[in-house]
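First the structure, in the form of structure tokens, and then the observations on it.
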Amino acid sequence: MRKRVFSGTRPTGRQHIGNYLGALQNYVELQEEYDCIYCIVDIHALTTLEDTDKLQENIYEMMLDWLAVGLDPQRSILFIQSHVPEVMELYTLLSMVTPLNWLLRVPTFKEKARLQPHNVNYGLVGYPVLMTADIVLYKAEVVPVGEDQLPHLELAREIARRFNSLFGHVFPEPQAKLTPFPLVLGLDGVQKMSKSYNNDIEMAATPQQILERVMTAVTDPARRYRSDSGHPEVCNVFQLQQSFNPLRAEEISTACRSANIGCVDCKELLAQGISSALEPFREKRGALAAKPHYIEEALSNGAGRAEAIARETLGEVKEKMGLVWASRLDLP
Ligand code: ADP
């Protein structure tokens, strides 16, 4: 039997090139060797969203991105988290075996509590438990994610291990799978690229939009004048050149060091590289946008296939936890 892969992304909007380089690339590649399950985690989105007006639109946009980048609903299960409600039951059950101090020390919890002090909700603390439930409900062994998710995955393994040792073996311990580019910095050159920090470039952006966004990128801070020699190894823009202009990266690096090329020229090259790398994606996305039936069918078929697996695991969990009702009516 092929091993199972699971990963989820919050539908906070369109996917950006950080999502692509850090996770989506692997989502697509792993389809060759594994049974893959990819989930649009709408319940997770509620931990930070106060306004849900755009939630359904975001889900749709994200699904367009996923299909256009090469996720194949014939091979992989693609579905929306809340459409398979078993995950919420497992989340509750796993919360009983998760010590609160494990959750309070998670760096992303501390960061989110800092960013939204007016909304430090219970779901925010439980985020890694829900993520664990997502993964282990499908007994996934491999989880393609970006580097920022590693602490969550470590916790998922600890929760699975604790459940197994308390109630008997049910869950494999899931391992992270990183891409060669597991942490893409945002255009500010400081924080990770993220929709929430407004420092991202959307995969679906037009060539003009890509150029405008790239032009705002912070480069090597030590290079103040065109005649200064640059330091590509610390430059955010150069990092992206390695992915989007791999064949010219060496040449760009030499030209930057010798001040033969300025930051504006370098950014223009990067914008061209991103635009042409994503051209087939943009075309496919445009064609898919005209086929809403196809998208809805893929999601509903995905939810059906996911639910069949989910029910089986949940039955096993309830039995191990002693939740199967022992009727006395049949006793003599
Ligand atoms: P965002 O932070 O933009 O809301 P998500 O948290 O929904 O993105 O992340 C979806 C997937 O993309 C996760 O596996 C995450 O690790 C990965 N990812 C997100 N941002 C980056 C980044 N800047 N670099 C590498 N991977 C990333």
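In each ligand, atom 1 is the first atom listed, and ligand 1 is the first ligand listed. Residues: numbered from 1 along the sequence shown. When reading the values below, keep in mind they use all heavy atoms of this one structure, side chains included, and skip hydrogens, waters and symmetry mates.
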**Counterpart residues, ring pair (Phe, Tyr, Trp, His ring centres under 6.0 Å), relative to F6 (two or more places apart)** =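 With sequence neighbours excluded, F6 shows a ring pair (Phe, Tyr, Trp, His ring centres under 6.0 Å) to Y138, given in chain and number order.
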**Item:** Amino acids in close contact with ligand 1, where any non-hydrogen atom sits under 4.0 angstrom away
**Value:**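 Within 4.0 Å of ligand 1, the protein residues are T9, R10, T12, H16, G18, N19, G22, A23, V145, G146, D148, Q149, P182, L183, V184, K192, M193, S194, K195.
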**Proximity of F238 and H231 rings by center, below 6.0 Å** =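 No, ring centres 6.0 Å or more apart.
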**Asked** Between F163 and F171, does the ring centroid distance fall short of 6.0 Å?
**Response**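 Under 6.0 Å, so yes.
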**Message:** Among residues at least two apart in sequence or on other chains, which ones pass salt bridge (charged side-chain N to carboxylate O under 4.0 Å, His left out) with K195?
**Reply:**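 By the salt bridge (charged side-chain N to carboxylate O under 4.0 Å, His left out) rule, K195 matches D200, E202.
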**Asked** Between the side chains of T9 and Y27, does any donor sit under 3.5 Å from an acceptor?
**Response**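 Distance-only check passes for T9 and Y27.
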**Request:** Taking side chain to side chain donor-acceptor pair (under 3.5 Å) as the test, write out the residues that go with E154, two or more places apart.
**Result:**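 Side chain to side chain donor-acceptor pair (under 3.5 Å) check on E154 returns R157.
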